[in-house]
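Before any comments, here is the structure.
Values in this document were obtained by computation on a predicted structure and should not be read as measured data. Numbers here simply count residues along the sequence, with the first being 1.
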Amino acid sequence: MEFTLNDSHENGQNKFELKQGNKTAAVVKYRKDESTLTVEHTEVMPDFRGTPAGRTIVEKVKSYTDENKLNLKSACSYFSHQLSKLG
């Protein structure tokens, strides 16, 4: 399964969208200051539950924060759980 991560800003809301083709597989809503990205909510779309979409969006957001030298915090239990599995 090939997924791409898009960063978007709509109506004052920051979010990452994980896409497969033109379908949204998962969404992470976040807030960011100059040094920290805080995940507020994670949602895997119904058609993608039971697929690697949830784990993949967590991995890609973690890579984004590492590459951009941001601290990563989570106020979302699902994201925190998946992040803890990454080690």
Worked verdict on N71 versus T65 for side-chain contact (heavy atoms from CB on, under 4.5 Å): CA-CA 7 Å; N71 296 313; T65 58; over 6 Å; no
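- The line from OG of S74 to NE2 of H41 is 11.5 Å long, rounded to the nearest 0.5 Å.
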Trace of the side-chain contact (heavy atoms from CB on, under 4.5 Å) decision for F3 with Q20: CA-CA 5 Å; F3 292 106; Q20 183 181 45; 3.9 Å; yes
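- Aromatic ring pairs are classed by plane angle as parallel below 30°, tilted from 30° to 60° and perpendicular above 60°; the pair H9 and Y30 is perpendicular.
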Derivation and outcome, side-chain contact (heavy atoms from CB on, under 4.5 Å), residues V27 and M45: CA-CA 8 Å; V27 174; M45 301 305 131; 3.6 Å; yes
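- Here OG1 of T42 is found 10.0 Å from CG of L83. Values are rounded to the nearest 0.5 Å.
- Smallest separation of non-hydrogen atoms from A53 and A26: O-CB, 4.3 Å.
- Here the side chain of D33 pairs a donor or acceptor atom with the backbone of S35 at under 3.5 angstrom.
- Every residue two or more places apart in sequence or in another chain that forms a side chain to side chain contact (heavy atoms under 4.5 Å, CB included) with K23 is listed here: D47, F48.
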Intermediate values then yes/no, side-chain contact (heavy atoms from CB on, under 4.5 Å), R55 and K85: CA-CA 9 Å; R55 183 188 71 232; K85 290 181 176 183; over 6 Å; no
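- Residues C76 and E40 are not in side-chain contact: their nearest non-hydrogen atoms beyond the backbone lie 4.5 Å or more apart.
- Each of I57, L37, L72 was checked for a side-chain contact (heavy atoms from CB on, under 4.5 Å) with K62, and the lone residue meeting it is L72.
- Residues forming a side chain to side chain contact (heavy atoms under 4.5 Å, CB included) with K73 (at least two apart in sequence, or on another chain): T36, T38.
- Rounded to the nearest 0.5 Å, atoms CD (E59) and CG (L5) are 11.5 Å apart.
- Inspection of the T24 and K19 side chains reveals an N or O donor paired with an N or O acceptor under 3.5 Å.
- In this structure, NZ on K15 lies 9.5 Å from CD on E43, to the nearest 0.5 angstrom.
- Side chain of R49 to main chain of V44: a donor-acceptor pair is present (N/O by atom type, distance under 3.5 Å, no hydrogens or angles).
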